[in-house]
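Okay, so here's the structure we're looking at.
Chain A is the first sequence line, chain B the second, and so forth, proteins listed ahead of strands; every chain is numbered from 1.
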There are 2 protein chains.
Amino acid sequence: MRPLFHPSIEDVRLEAILHALSDPVRVEIFADIAGAQCAQTCSAFANVNDRMIPKSSLSQHFKVLREAGLIHSERQGVEMHNTSRCEEVQTRFPGLVAAIINAHAAEAKRAKAS
Amino acid sequence: MRPLFHPSIEDVRLEAILHALSDPVRVEIFADIAGAQCAQTCSAFANVNDRMIPKSSLSQHFKVLREAGLIHSERQGVEMHNTSRCEEVQTRFPGLVAAIINAHAAEAKRAKAS
DNA sequence: CCCGTAGTTCAGGAAATCGGAACTATTGAA
DNA sequence: TTCAATAGTTCCGATTTCCTGAACTACGGG
């Protein structure tokens with residue numbers, strides 16, 4: 001099994017970040033990881049937005065987030081610990097991730113209200 | 001030929017905006033329109049990033065930007081006048097478009113420097 | 001050593017994207 | 001009015017990407 005690839009922050013591309021977060025499942029996962037106090041496992045997201053996500057799809061989603069430079073994944077025993085790279089991305093693209101997370105939160109809030 | 005559809009600002013979705021701008025051609029077109037003083041035609045972008053874009057693809061790109069709520073397109077005689085909807089989108093998702101345009105400008109600047 | 005759990009890889013079917021060719025809409029000139 | 005030119009749109013087949021079940025790998029515990 002090939003080791004996990006994490007781009008260095010200089011290699012992070014805007015295009016990859018926007019593509020990664022243009023998927024409703026991935027943006028939800030990322031917002032949760034970014035807002036969490038501690039590292040999150042992959043399987044914690046087996047159902048997102050009241051929808052079952054097969055674990056092969058989940059694995060792909062985490063790969064996309066990881067290779068876009070948005071999260072850091074580290075094997076911890078049998079499971080994976082995922083943390084956000086918000087601070088790093090903030091230095092590269094100031095305000096970007098914060099604005100997206102804000103927008104996502106605003107949309108989620110409105111959906112709940114209706 | 002069916003009339004052009006523009007979503008009302010309340011119907012604009014984060015997902016659609018991020019998807020629209022996750023394409024290198026579209027983000028370039030949008031940044032240009034947003035930064036321009038006057039309306040831009042479609043064919044003004046026949047070559048973006050030193051690459052020829054076929055007009056059928058250009059038409060699709062404009063449709064994606066339009067239906068995401070990022071631009072307004074209006075027929076003016078034989079050509080199309082495109083303007084950005086930045087102000088409206090700003091009220092719905094504060095800081096989002098500005099951060100993306102900033103990030104895009106930063107990346108373009110770095111690419112030129114190398 | 002074997003089992004259970006967590007996640008990855010592979011492969012093929014589904015969906016989105018690209019682009020050439022044909023079409024539509026508008027203007028201006030004959 | 002008719003014809004030609006210009007600017008975009010639509011259609012459709014080829015390519016690419018995405019999704020997910022099945023098989024696989026990796027680690028920990030008994």
Side-chain angles (χ1 to χ4, degrees), chain A residues 1-6 13 15-30 32-33 36 38-49 51-68 71-83, chain B residues 1-6 13 15-30 32-33 36 38-68 70-83:
Chain A
M1 207 162 282
R2 60 194 76 128
L4 303 178
F5 173 68
H6 293 89
R13 306 265 294 105
E15 186 181 333
I17 290 181
L18 297 185
H19 171 253
L21 298 180
S22 70
D23 179 274
V25 172
R26 284 195 295 261
V27 74
E28 181 69 41
I29 291 174
F30 178 66
D32 281 17
I33 291 176
C38 57
Q40 303 293 298
T41 66
C42 297
S43 54
F45 299 95
N47 43 3
V48 161
N49 297 338
R51 208 168 72 83
M52 270 296 287
I53 313 291
K55 62 181 187 169
S56 58
S57 303
L58 260 191
S59 180
Q60 293 303 318
H61 285 319
F62 275 90
K63 185 181 181 189
V64 172
L65 290 170
R66 191 164 54 238
E67 298 191 347
I71 64 172
H72 181 88
S73 307
E74 195 169 354
R75 181 147 217 162
Q76 211 77 10
V78 75
E79 59 195 17
M80 199 72 101
H81 281 195
N82 298 287
T83 50
Chain B
M1 209 163 281
R2 59 193 77 129
L4 302 178
F5 173 68
H6 293 88
R13 306 266 293 106
E15 184 181 334
I17 290 180
L18 298 185
H19 171 253
L21 298 180
S22 69
D23 179 273
V25 172
R26 284 194 295 262
V27 74
E28 181 69 40
I29 292 175
F30 177 66
D32 280 18
I33 290 176
C38 58
Q40 302 294 299
T41 66
C42 297
S43 54
F45 300 95
N47 43 2
V48 161
N49 298 337
D50 303 332
R51 208 167 72 81
M52 269 298 286
I53 312 290
K55 63 182 186 166
S56 59
S57 302
L58 259 193
S59 180
Q60 292 304 318
H61 285 319
F62 275 91
K63 184 181 180 188
V64 171
L65 290 171
R66 191 164 54 237
E67 298 192 346
L70 288 164
I71 64 172
H72 181 89
S73 307
E74 195 169 354
R75 182 148 217 162
Q76 211 80 11
V78 76
E79 60 196 17
M80 199 72 102
H81 281 195
N82 298 286
T83 51

### Summary
Rounded to whole Å, CG of A/L4 lies from P of D/dT25 at a distance of 17 Å
### Task
Look at all strands and tell whether B/M80 reaches a base, only sugar-phosphate, or nothing, counting heavy atoms closer than 4.0 Å.
sugar-phosphate
### Query
Can you check the A/Q76 CD to D/dA26 C1' distance for me, whole Å?
14 Å
### Query
Under 4.0 Å: is that the gap between some side-chain N or O of B/S57 and OP1 or OP2 of C/dG19?
yes
#### Entry: Side chain A/S59 and base C/dG7 donor-acceptor under 3.5 Å
no
### Summary
Comparing nearest nucleotides in DNA chain D, the 5'-proximal residue of the pair A/P54, B/S43 is B/S43
### Task
Between B/M52 and A/C42, just flag the one whose closest nucleotide in DNA chain C comes earlier from the 5' side.
A/C42
### Query
Which heavy-atom pair separates B/F45 from B/Q40 by the least distance, and what is that distance?
CE1-CB, 3.9 Å
## Note on the structure
Between A/K55 and A/H19, whichever has its closest DNA chain D nucleotide further toward 5' is A/H19
### Task
Could you check B/K55 against B/Q60 for side-chain contact (heavy atoms from CB on, under 4.5 Å), going step by step and ending with a plain yes or no?
CA-CA 9 Å; B/K55 63 182 186 166; B/Q60 292 304 318; over 6 Å; no
### Message
Donor-acceptor check, side chain of A/R26 to backbone of A/A20, threshold 3.5 angstrom: yes or no?
### Response
yes
### Query
To the nearest angstrom, how far is A/R66 atom CZ from C/dG7 atom P?
11 Å
### Spacing of A/R75 atom CZ relative to D/dG28 atom P, expressed in whole Å
8 Å
### Query
Could you give the NE2-to-P distance, from B/H81 to D/dG8, as a whole number of Å?
8 Å
### Query
How close or far is atom C1' of D/dC27 from atom CD of A/E74, stated in whole angstroms?
15 Å
### Query
Is the backbone N or O of A/S73 less than 3.5 Å from a side-chain atom of A/H6, with the two atoms forming a donor-acceptor pair by type?
yes
### Task
Taking B/N47 for its side chain and B/D50 for its backbone only, find out whether a donor-acceptor pair lies under 3.5 Å.
no
#### Entry: Closest-nucleotide 5' rank along DNA chain C - winner of B/M1 and B/H61
B/H61
### Task
In whole angstrom, give the distance that lies between atom CG of B/N82 and atom C1' of D/dT9.
14 Å
### Summary
Rounded to whole Å, the CG-P distance (A/D23 to D/dT20) equals 10 Å
